[in-house]
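Here is the structure we will look at, set down as structure tokens.
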Amino acid sequence: MKEINIITRFDVFEALSELPTDIQFLMEEAVAIRKNAYAPYSQFRVGVALLLDNGKIVLGSNQENAAYPSGLCAERVAVFHAGAVYPEVKILKMAITAASDNNTTSAPIPPCGACRQSIAEYEFKQDTPIEIYFMGEIGAIYKSDSLKNLLPFMFDKNFL
């Protein structure tokens with residue numbers, strides 16, 4: 001038997017004011033779009049802002065549906081929109097924020113498993129890491145240099 005050790009690294013910013021200016025703006029866009037989430041079932045609102053290499057910012061918020069799992073998470077809304085409208089443009093940075101209507105979310109909230117796989121597909125396709133910043137409603141912001149930190153054993157087309 002052999003053991004594999006996986007080490008992931010995240011930068012931690014204690015407040016929005018500690019972020020680089022461009023990321024502060026991106027996170028503010030994510031916070032604003034979070035308010036457009038359609039979350040009547042979970043009362044859990046997520047907003048995402050992507051910075052593309054053409055300078056465009058693409059936004060997404062979660063969109064629920066009574067016929068679970070027909071809704072989409074904010075991350076996939078934004079990533080799929082970017083892929084549809086800007087198919088040859090790379091995603092450089094992603095800012096994610098989540099808030100509950102029922103209590104204050106103070107811990108950084110990362111993408112769910114399905115979103116991680118979708119982000120992995122785009123990171124693999126563009127052959128460039130995507131910086132991912134994520135936070136709750138308040139509190140610290142975590143930064144990952146790549147989706148690989150969040151999903152170290154990524155499944156991609158090479159397995160097919």
Side-chain angles (χ1 to χ4, degrees), residues 8-66 68-87 89-123 125-126 128-151:
T8 59
R9 184 184 139 315
F10 296 89
D11 294 327
V12 178
F13 301 88
E14 295 302 325
L16 283 171
S17 60
E18 289 184 12
L19 292 169
T21 306
D22 64 327
I23 304 304
Q24 283 182 39
F25 177 77
L26 203 61
M27 191 61 81
E28 288 166 359
E29 291 290 303
V31 168
I33 198 68
R34 182 182 74 205
K35 296 171 184 156
N36 292 351
Y38 179 66
Y41 307 103
S42 69
Q43 285 86 48
F44 191 76
R45 301 173 187 283
V46 182
V48 172
L50 306 177
L51 176 63
L52 307 182
D53 74 352
N54 65 359
K56 300 282 186 189
I57 294 177
V58 174
L59 305 175
S61 60
N62 57 315
Q63 302 296 310
E64 295 181 350
N65 190 296
Y68 288 126
S70 297
L72 275 180
C73 299
E75 296 89 338
R76 285 182 282 157
V77 167
V79 168
F80 293 165
H81 180 76
V85 176
Y86 306 104
V89 178
K90 294 180 180 181
I91 301 169
L92 301 178
K93 300 174 185 190
M94 173 181 282
I96 306 165
T97 177
S100 170
D101 292 347
N102 302 317
N103 54 52
T104 302
T105 55
S106 57
I109 299 173
C112 73
C115 288
R116 291 177 197 207
Q117 185 62 42
S118 295
I119 297 164
E121 182 72 20
Y122 280 79
E123 193 171 272
K125 172 188 159 208
Q126 68 185 31
T128 305
I130 299 170
E131 288 181 13
I132 302 171
Y133 297 80
F134 54 97
M135 65 178 288
E137 183 178 1
I138 61 169
I141 301 100
Y142 287 4
K143 175 199 173 199
S144 174
D145 290 330
S146 170
L147 193 275
K148 289 179 184 176
N149 279 333
L150 295 168
L151 191 64

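Since this is a predicted model, take the numbers as computed values, not measurements.
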(request) Measure the CD-CD1 distance between E14 and I141 for me, rounded to the nearest 0.5 Å. (result) 8.0 Å
(message) Is the shortest side-chain heavy-atom distance between N36 and S61 below 4.5 Å?
(response) yes
(request) State whether the side chain of R116 and the backbone N or O of P111 hold a donor-acceptor pair below 3.5 Å, judged by distance alone. (result) yes
(request) Looking only at non-hydrogen atoms, find the nearest pair between V89 and Q126 and report the distance. (result) O-OE1, 4.4 Å
(message) Taking atom NZ as the centre, does K125 end up with more than 12 heavy-atom neighbours from other residues, nucleotides or ligands that are less than 6.0 angstrom away?
(response) yes
(message) Go through it in stages, so that I can follow the logic: the residues are Y133 and L26, the test is side-chain contact (heavy atoms from CB on, under 4.5 Å), and I'd like the CA-CA distance, side-chain angles, deciding distance and then a yes or no.
(response) CA-CA 10 Å; Y133 297 80; L26 203 61; 5.7 Å; no
(request) Measure the spacing between CG of D11 and CD of E18 and express it to the nearest 0.5 Å. (result) 11.0 Å
(request) Please round to the nearest 0.5 Å and tell me the distance separating atom NZ of K93 and atom CD1 of I23. (result) 4.0 Å
(request) Can you measure from OG1 (T8) to CG (L151) and round to the nearest 0.5 angstrom? (result) 11.5 Å
(request) Search all heavy atoms of N102 against all heavy atoms of S42 and return the closest pair with its distance. (result) ND2-O, 4.4 Å
(message) Distance check, rounded to the nearest 0.5 Å: I130 atom CD1 versus D145 atom CG?
(response) 12.5 Å
(message) On a heavy-atom basis, which atom in S100 and which in E137 lie closest, and how many Å separate them?
(response) O-OE1, 4.4 Å
(request) Would you mind reporting whether T105 and F44 have side-chain heavy atoms less than 4.5 Å apart? (result) yes
(request) Answer yes if the side chains of N149 and S144 hold a donor-acceptor pair under 3.5 Å, and no otherwise. (result) yes
(request) For the residue pair K148 and P129, establish whether any side-chain heavy-atom pair is separated by less than 4.5 Å. (result) no
(request) Flag the pair L50 / I57 as yes when at least one side-chain heavy-atom distance between them is below 4.5 Å, and no otherwise. (result) no
(request) Please tell me if the side chains of V58 and V85 come closer than 4.5 Å, counting only heavy atoms from C-beta onward. (result) no
(request) For the pair Y142 and F134, name the ring-plane relationship: parallel under 30°, tilted 30 to 60°, perpendicular over 60°. (result) perpendicular
(request) May I ask you to test the M135-L16 pair for a side-chain heavy-atom distance under 4.5 Å? (result) yes
(request) Output, in order, the C-alpha distance, side-chain angles, deciding distance and verdict of side-chain contact (heavy atoms from CB on, under 4.5 Å) for F10 and I132. (result) CA-CA 10 Å; F10 296 89; I132 302 171; over 6 Å; no
(request) Before giving the answer on side-chain contact (heavy atoms from CB on, under 4.5 Å), spell out for V79 and E121 the whole-Å C-alpha distance, their side-chain angles and the decisive distance to 0.1 Å. (result) CA-CA 10 Å; V79 168; E121 182 72 20; over 6 Å; no
(message) Taking A49's backbone N and O only, do any of them form a donor-acceptor pair with E29's side chain (distance below 3.5 Å, no angle check)?
(response) no
(request) Supply the atom-to-atom distance N62 CG to R34 CZ, rounded to the nearest 0.5 angstrom. (result) 10.5 Å
(request) Might you point out which heavy atoms bring Y38 and Q63 nearest each other, and give the distance in Å? (result) CB-OE1, 3.3 Å
(request) Give the intermediate values and the outcome of side-chain contact (heavy atoms from CB on, under 4.5 Å) for residues V48 and I33. (result) CA-CA 7 Å; V48 172; I33 198 68; 5.8 Å; no
(message) When you compare the side chain of P108 with that of F13, does any pair of heavy atoms fall below 4.5 Å?
(response) no
(request) Would you check if the side chain of S118 reaches a backbone N or O of A114 as a donor-acceptor pair within less than 3.5 Å? (result) yes
(message) I want to check something: taking the side chain as every heavy atom from C-beta on, are E75 and C112 in contact at a cut-off of under 4.5 Å?
(response) no
(request) Locate the shortest heavy-atom distance separating K90 from T128; write the atom from each residue and the value. (result) NZ-OG1, 3.1 Å
(request) Check whether any side-chain N or O of Q24 sits under 3.5 Å from a backbone N or O of L19 as a donor-acceptor pair, and report yes or no. (result) yes
(message) So which atom in S146 and which in E123 form the shortest heavy-atom distance, rounded to 0.1 Å?
(response) OG-OE2, 2.7 Å
(request) Please state whether the rings of Y122 and F80 are parallel, tilted or perpendicular, taking 30° and 60° as the class boundaries. (result) tilted
